[in-house]
There are 2 protein chains.
Amino acid sequence: MRSPVGHADVPARPGREIPEATVARLPVYLRALTALVDGGTATCSSEELAGAAGVNSAKLRKDLSYLGSYGTRGVGYDVDYLRYQIAREIGLTHDWPVVIVGIGNLGHALANYSGFRSRGFRVVALLDAATTRHEELVAGLEVRPFDELEDIVGTQSVAIGVIATPAVAAQDVADRMVAAGITSILNFAPTVLSVPDGVDVRKVDLSIELQILAYHEQRKTGQLPTEGASA
Amino acid sequence: MRSPVGHADVPARPGREIPEATVARLPVYLRALTALVDGGTATCSSEELAGAAGVNSAKLRKDLSYLGSYGTRGVGYDVDYLRYQIAREIGLTHDWPVVIVGIGNLGHALANYSGFRSRGFRVVALLDAATTRHEELVAGLEVRPFDELEDIVGTQSVAIGVIATPAVAAQDVADRMVAAGITSILNFAPTVLSVPDGVDVRKVDLSIELQILAYHEQRKTGQLPTEGASA
DNA sequence: TAGATTGTTAATCGATTAACAATC
DNA sequence: TAGATTGTTAATCGATTAACAATC
């Protein structure tokens with residue numbers, strides 16, 4: 001539709017413009033491939049990889065086709081090669097410095113989560129507004145005053161921020177993050193954030209996930225909400 | 001397509017068969033409505049509620065239309081009434097007992113998360129396989145041996161289980177949960193679970209969320225992975 | 001009545017899936 | 001070559017959105 005920069009409407013390199021649904025599955029494939037590599041598997045078919053990732057093989061092949069042609073017909077995929085290609089596509093061939101703001105229970109858990117480090121994310125600072133938490137050691141890092149945000153983001157080129165504060169503080173934290181130059185936010189606070197265009201926000205909401213389960217659970221057990229009620 | 005029980009293919013009550021995308025947004029609307037109630041707002045338009053929920057108003061109205069006609073043309077929605085209707089639809093008019101398995105950093109955070117309790121979820125037990133954690137008090141509950149799962153699920157009619165164990169243990173925990181009668185699982189372990197039909201699994205994966213952000217971040221900053229590379 | 005806003009329609013868009021030609 | 005499996009096509013399905021008739 002829009003062509004912001006004035007270039008001809010050429011179809012971008014084949015393999016560009018990966019659909020959002022596909023992007024969200026690439027990390028799942030990456031994890032499955034890493035498990036296969038660790039298990040000593042050198043080659044796998046789309047059927048096998050799809051099974052390990054919990055999707056059907058047509059979807060997997062379609063997804064991979066957006067990246068390029070990294071398989072061999074009649075043979076399958078070289079596990080290690082495909083893993084590298086996906087990691088490169090996601091941008092995990094270099095480390096991403098990350099700051100976590102809000103070092104309560106959840107912030108503690110996030111700071112200690114080994115899955116970040118092992119996947120290319122490096123927690124460079126833990127910030128909290130409460131002075132009582134300052135200098136506390138969490139996951140080997142000192143908790144710092146929130147005011148140091150701008151300094152840390154600037155000197156360490158932090159692009160990604162994690163918000164693990166109470167809901168009331170989250171928008172302020174987001175505003176400060178954006179002002180400091182952060183352009184990607186992972187928000188654990190149960191609130192809608194408003195940010196300028198160009199800043200990405202992803203939200204993880206524990207209670208929403210449970211509510212979605214409850215909705216389906218309710219239907220299974222036959223306790224339909226309107227059962228016996230009239231319209 | 002399928003008609004498992006042998007009844008005529010009558011269109012269910014209007015308002016049934018809510019699309020999955022809509023179900024996932026109902027908790028967001030519920031939260032926005034609760035905030036409006038708390039702020040003293042009695043009535044709101046679809047435009048206002050949509051703004052508070054972070055969606056556009058056409059989508060909001062379409063979503064609500066699956067539940068019924070709870071608004072008034074020319075006027076808007078009664079905030080408290082709509083909130084009740086959504087809560088009823090999700091199944092939050094009664095409490096859901098929940099067990100959490102795996103009381104590490106994340107399990108601690110989940111056990112202490114007030115958002116569960118306040119939204120109709122009651123943590124009835126914390127279980128861990130490690131005997132060193134037993135009898136420890138977390139969020140006012142004693143950590144119990146994992147073997148007590150069946151007993152607790154049976155006596156307390158638990159339908160929802162939360163897995164916060166390391167990845168290697170998650171499938172075993174899921175199997176035991178299913179055997180004990182749990183039919184909805186919220187999985188925080190970074191692994192694909194296989195469960196029988198009829199059991200719902202939702203997955204929360206912290207590092208996947210960060211990877212999705214990294215993908216977009218990489219494109220923003222112009223460090224395209226294939227930049228300069230030839231096809 | 002005039003103005004406002006819902007609930008619904010219909011068009012569009014994006015995601016999924018099965019099937020199969022290409023090709024190792 | 002025969003068998004296997006990818007990469008792509010095309011059909012289907014579901015979600016989003018704008019527009020507007022219904023109606024308070």
Side-chain angles (χ1 to χ4, degrees), chain A residues 1-2 11-26 28-29 32-33 36 41-79 81-83 85-86 89 212 216 231, chain B residues 1-2 11 13-26 28-29 33 36 41-79 81-83 85-86 89 212 216 231:
Chain A
M1 295 274 159
R2 258 159 299 176
R13 274 164 292 189
R16 292 298 113 203
E17 285 310 314
I18 301 179
E20 201 45 43
T22 296
V23 170
R25 282 187 295 264
L26 292 180
V28 180
Y29 302 152
L33 287 164
L36 287 172
T41 305
T43 292
C44 72
S45 67
S46 62
E47 199 70 50
E48 289 167 314
L49 181 53
V55 304
N56 79 41
S57 66
K59 189 188 281 182
L60 170 74
R61 288 198 302 278
K62 183 83 169 135
D63 283 341
L64 295 183
S65 76
Y66 293 111
L67 312 192
S69 291
Y70 297 131
T72 308
R73 289 169 204 239
V75 177
Y77 301 92
D78 180 297
V79 171
Y81 178 63
L82 181 59
R83 181 178 64 150
Q85 292 301 338
I86 293 179
E89 193 70 37
I212 296 169
H216 293 293
Chain B
M1 295 273 159
R2 257 160 300 175
R13 276 162 291 189
R16 292 299 112 202
E17 284 310 315
I18 301 178
E20 202 44 45
T22 297
V23 170
R25 283 187 294 265
L26 292 180
V28 180
Y29 303 152
L33 286 164
L36 288 171
T41 306
T43 293
C44 72
S45 67
S46 62
E47 200 71 50
E48 288 166 314
L49 181 53
V55 302
N56 79 40
S57 65
K59 190 188 279 182
L60 171 74
R61 289 198 301 278
K62 183 81 169 135
D63 282 343
L64 295 183
S65 75
Y66 292 111
L67 313 192
S69 291
Y70 298 131
T72 308
R73 288 168 204 241
V75 177
Y77 299 92
D78 179 297
V79 171
Y81 178 63
L82 182 59
R83 181 178 63 150
Q85 292 300 339
I86 293 179
E89 193 70 37
I212 296 169
H216 294 293

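Quick note on labels: first sequence line is chain A, next is B, and so on, each numbered from 1. For clarity, every value in this text was computed on a predicted model and none was experimentally measured.
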Quiz item: Quick one: Leu67(A) CG to dT6(D) C1', roughly how many Å, whole number?
Solution: 14 Å

Exercise. Evaluate the side-chain proximity of Val55(A) to Val28(A): yes if any heavy-atom separation is below 4.5 Å, no if none is.
Key: no

Practice problem: Would you tell me if any nitrogen or oxygen in the side chain of Tyr77(B) comes within less than 4.0 Å of OP1 or OP2 on dA4(C)? | Solution: no

Quiz item: How about Leu64(B) and Tyr70(B): do any of their side-chain heavy atoms sit closer than 4.5 Å?
Solution: no

Quiz prompt | Comparing Gly74(A) and Lys62(A) on DNA chain D - which has the more 5′ nearest nucleotide | solution = Gly74(A)

Self-check item: No-H, no-angle donor-acceptor pair, Arg61(A) side chain to dG7(D) base, under 3.5 Å
Solution: yes

Practice problem: Determine the sole option in Leu82(A), Val75(A), Leu49(A) for which the side-chain contact (heavy atoms from CB on, under 4.5 Å) test with Cys44(A) is passed. | Solution: Leu49(A)

Self-check item: Rounded distance in Å - CZ (Arg25(A)) to P (dT17(C))
Solution: 9 Å

Self-check item: Approximate separation, where rounding is to 0.5 Å, of Gln85(B) CD and Asp78(B) CG
Solution: 10.0 Å

Quiz prompt | Interatomic distance where CG belongs to Asn56(A) and C1' belongs to dT6(D) [whole Å] | solution = 15 Å

Exercise. Give Glu47(B) one of three labels, base, sugar-phosphate or nothing, depending on what nucleic acid heavy atoms sit under 4.0 Å from its own.
Key: nothing

Exercise. Could you check which nucleotide pairs with dG14(D) in any of the strands shown, counting Watson-Crick or G-U wobble with both distances under 3.5 Å?
Key: dC13(C)

Quiz item: When rounded to the nearest 0.5 angstrom, what is the spacing between CD in Glu89(B) and CD1 in Ile18(B)?
Solution: 4.0 Å

Exercise. Output the single nucleotide from dA15(D), dG7(C), dT16(C) whose closest atom is nearest the side chain of Ser69(B).
Key: dG7(C)

Quiz item: What is the distance from CD of Glu20(A) to P of dA15(D), rounded to the nearest Å?
Solution: 17 Å

Quiz item: Quick one: Asp63(A) CG to dG14(C) C1', roughly how many Å, whole number?
Solution: 13 Å

Quiz item: Separation of Asp78(B) atom CG from dT6(C) atom C1', in whole Å?
Solution: 15 Å

Exercise. Rounded to the nearest angstrom, tell me the gap between atom CG in Leu82(B) and atom P in dG7(C).
Key: 9 Å

Quiz item: dT6(D) phosphate, OP1 or OP2: any side-chain N/O from Ser46(A) under 4.0 angstrom?
Solution: yes

Exercise. Classify the nucleic acid contact of Ala58(A) as base, sugar-phosphate or nothing, counting any heavy atom under 4.0 Å across all strands shown.
Key: base

Quiz item: For the pair made of CG in Leu60(A) and P in dT8(D), what is the distance, rounded to whole Å?
Solution: 14 Å

Quiz item: Which base sits across from dT23(C) as a Watson-Crick or G-U pair, both distances under 3.5 Å?
Solution: dA4(D)

Self-check item: Closest nucleotide among dT8(D), dT5(C), dA18(D) to the Ser45(B) side chain
Solution: dT5(C)

Quiz item: What about Arg73(A): does its side chain form a donor-acceptor pair under 3.5 Å with the base of dT23(C)?
Solution: no

